[in-house]
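Every chain is numbered from 1, with letters handed out A, B, ... down the list of sequences.
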Amino acid sequence: MKAFQGRVVAPGEVRAEAVVSHGGLNTLASFQKALQFGDKTATCGDQNNPDLYGRQMAGKALCLPQTIGSTTGGLVLYCACAMGRQPACMLFSRPIDSLAGAGVIIADVWLKDSKMPVVDSLGEEFLNYVKEGMTVTVKEGGVVEVE
Amino acid sequence: MQLTKEQQQILDGGKGEVMAKVMETVIRYGELFGAGRLVPVTSKYNHLVTSFGLKMMTPVFDLMQQLIDAGVMSEQKFSADPRPLDPKVPKNFLQNLIFNKFMYSKQSFYEDQLQKLGLMDQDAFTCTCYMDAVGNKPGKGDVLSWAESSAVVYANSVLGARCNRNSGIIDIMGSIAGYVPEFGLLTDEGRKASWIVEIKTTKKPEAQLLGSAIGMKVMEDVPYVKGLDQWIGTELDDAACSYLKDFGAATASNGAVGLYHIDHLTPEAKEMGEALIREDARVYVIDDAELQRVYDSYPVIWKNLDAKPKLCFMGCPHMSLEQLKTWTDRVEKGLAEAGNKKVVIPTVFTAAPAVIKEFEATEYAARLKATGVILSYICPLMYMNNPLCGKMPVITSSNKLRTYTTARYYTDDEILAQITKGGAKA
């Protein structure tokens, strides 16, 4: 087990199985099909992301460097949260980007029951260490344990 | 964050609960990125990325309705991304059913919401709102609250405006608040380049391929591109602007670039030159082999790799007037060489409604129509995003469309050969 310290973007505690994207997560490309066509597991539809393509994202600890791509990214994330198809948590190795940051803040301000803890700035070592299928625990204060 | 008395009063509910939430959203968004203050939005118009009445966006429509019901409106009018449907674009019975009855069943409802919220006019639907004919073209130094990655990167880089890569919803929140948080690309420091890109190709690089290579390499960083001026010149004429439109869209969709500088060409690079480059900037050299490597790396997810294309889309982002004219000439010439009268693959060129009107007033319009090419205001990306199109062999020279859909990428020359002769060889 190893613990990493990051910055709390959205508070909360959760324990979930990791899915890992070593490249940037294209939010629109990843979530669109799942949200549009009733896939409650939110299967990643981004053909350009070999780490995540075809993997379930809903309910998982989504570990990533940042999000990329279309500026619909934040609202797609907001929709995923509103529809209950969001990851259990999002864990960024880098400081969060403006699209994901927007989605997280909009969900936190405008949705009553959006529970998706988000921690950023966990460092490159975090993304090197965490592997798909590992158990990730998000604790208070931005502590993330991986085992 | 340091707030003015007026901003604090709004946050405290002085203009109602919904307006307070709008202000809270903008402030918390800024705090996340270390913004010390909010600065006024100074552009005449805003631009929204959300134009499509997709059923999956019901949570967004609910939020918009809260704004409308509370009378919380922006003082700015706005343009919005392209419409997802156009009867002129070929579709079969099933597609028609799915588009109208299922996917975009909220289109009329959402367009009505946009009208209430301040749409510029009922044809203000395009991702290239900065075209002269459309009229939403910010000036140098203007502070924007735009979203739409291709428009933001163009406004920052080619027009010298200042805008972060805002997400949808944040775009309208900043516009309603009248303020955006000052961080990132709104600051002088944030506009400095942390990558030097050296172009060492033996011919003019394909805009969409070059942008893709740079986007995938630098991700969200600012690149300073050297050596491109030898291929596209040192003046922002129509051809250079069209090139940069496509180049920028690829940097933004294949990576997360919000601003690039082109040595001797874009406004800040012309003014400040290499003073825009950070001391610790990394170097990325692009030659013919690197572009080929990037091209070869694109996955093709058609079930049958040898399938005959059923549709070709050009214009993601929407084509400029200059591109429509140039491509009319190219298609005519290609057809003449091949001994064909009309394109051999159903082909759709897309452009802003106002640009289409401008084009239709020229002699080129009848000539393009005679080639069989369909001219549409549609958003190819939104058209493509459904299971039926996913199975359809569609080709494009747009790297943005390739990234978000199952469309297969070809260079401009290959696309020309495909649609005029059949087969990708020029």
Side-chain angles (χ1 to χ4, degrees), chain A residues 7-10 23-39 45-50 53 65-85 94-111 114 118 120, chain B residues 21-22 24-26 28-29 31-34 49-50 54-60 62-63 66 81 102-103 146-152 164-171 173 183-185 215-216 219-220 252-256 258 298-301 381 385-387 390 400 402-406:
Chain A
R7 175 181 70 150
V8 177
V9 175
L25 177 91
N26 195 317
T27 312
L28 174 64
S30 296
F31 277 95
Q32 183 168 247
K33 275 185 189 163
L35 298 186
Q36 184 66 37
F37 297 105
D39 171 12
D46 182 6
Q47 56 176 306
N48 290 307
N49 189 333
Y53 183 55
Q66 64 177 121
T67 70
I68 60 171
S70 165
T71 46
T72 55
L75 73 87
V76 170
L77 205 52
Y78 169 75
C79 288
C81 290
M83 296 161 86
R85 290 176 200 169
R94 297 186 194 174
I96 198 166
D97 56 279
S98 62
L99 302 183
V104 172
I105 295 296
I106 295 164
D108 208 39
V109 173
W110 293 85
L111 297 175
S114 164
V118 178
D120 76 348
Chain B
K21 283 171 89 171
V22 168
E24 183 189 349
T25 305
V26 173
R28 285 187 57 191
Y29 173 58
E31 283 175 341
L32 205 51
F33 300 100
V49 69
T50 40
L54 268 175
K55 208 175 170 185
M56 71 166 242
M57 282 182 30
T58 300
V60 175
D62 293 346
L63 197 159
Q66 285 187 58
D81 264 15
F102 182 63
M103 282 185 72
W146 286 17
E148 167 49 48
S149 60
S150 67
V152 167
N164 277 312
R165 270 173 58 84
N166 298 308
S167 169
I169 304 182
I170 285 290
D171 48 14
M173 297 278 169
F183 70 93
L185 299 176
M216 287 197 273
M219 300 303 285
E220 80 280 21
S253 57
N254 286 228
Y298 297 148
V300 180
I301 54 174
L381 204 157
N385 274 313
N386 67 83
K400 180 169 183 171
R402 176 197 70 81
T403 300
Y404 296 130
T405 72
T406 53

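- The side chain to side chain contact (heavy atoms under 4.5 Å, CB included) test applied to B:Ser167 returns A:Leu99, A:Ala102, not counting sequence neighbours.
- Within the 4.5 angstrom heavy-atom criterion, atoms from both the backbone and the side chain of B:Val22 approach chain A.
- At a 4.5 Å heavy-atom cutoff, the contact between B:Ala147 and chain A is made by backbone and side-chain atoms alike.
- Interface residue B:Met57: backbone and side-chain heavy atoms are both found under 4.5 Å from chain A.
- Looking at B:Ser150, there are no atoms closer than 4.5 Å to chain A (heavy atoms on both sides), in backbone or side chain.
- The greatest number of non-hydrogen atom pairs below 4.5 Å with chain A, out of B:Ser253, B:Ser149, B:Ala256, is found for B:Ser149.
- Contact of A:Leu28 with chain B is made through the side chain alone, with heavy-atom distances under 4.5 Å.
- Of the listed residues (A:Ser70, A:Pro95, A:Gly23, A:Ala82), the greatest number of heavy-atom pairs within a distance under 4.5 Å of chain B belongs to A:Ser70.
- Under the salt bridge (charged side-chain N to carboxylate O under 4.0 Å, His left out) criterion, A:Asp120 pairs with A:Arg7, not counting sequence neighbours.
- Side chain of B:Asp171 to backbone of B:Ile169: a donor-acceptor contact under 3.5 angstrom is found.
- The candidate with the highest count of non-hydrogen atom pairs below 4.5 Å against chain A, out of B:Gly168, B:Gly258, B:Ala151, is B:Gly168.
- Of all heavy-atom pairs spanning B:Phe33 and B:Tyr29, the tightest one is CD1-O, 3.1 Å.
- For the atom pair A:Leu35 CG and B:Lys55 NZ, the distance stands at 13.5 Å (nearest 0.5 Å).
- Neither the backbone nor the side chain of B:Asp81 comes within contact range of chain A; no heavy atoms are under 4.5 Å apart.
- Interface check for chain A: of the options B:Thr50, B:Thr403, B:Asn164, B:Thr406, the most heavy-atom pairs under 4.5 Å are formed by B:Thr403.
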Set out, in order, the CA-CA distance, both residues' side-chain angles and the distance that settles side chain to side chain contact (heavy atoms under 4.5 Å, CB included) for A:Val109 and B:Glu24, then state yes or no. CA-CA 8 Å; A:Val109 173; B:Glu24 183 189 349; 3.8 Å; yes
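- Comparing B:Met173, B:Lys400, B:Met216 by heavy-atom pairs within less than 4.5 Å of chain A, the highest count is held by B:Met173.
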Side chain to side chain contact (heavy atoms under 4.5 Å, CB included) between B:Arg165 and A:Asp97, worked out: CA-CA 9 Å; B:Arg165 270 173 58 84; A:Asp97 56 279; over 6 Å; no
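- Within the 4.5 angstrom heavy-atom criterion, no atom of A:Arg85 approaches chain B.
- Side-chain contact between B:Gln66 and A:Trp110: present, with at least one pair of heavy atoms (C-beta onward) separated by less than 4.5 Å.
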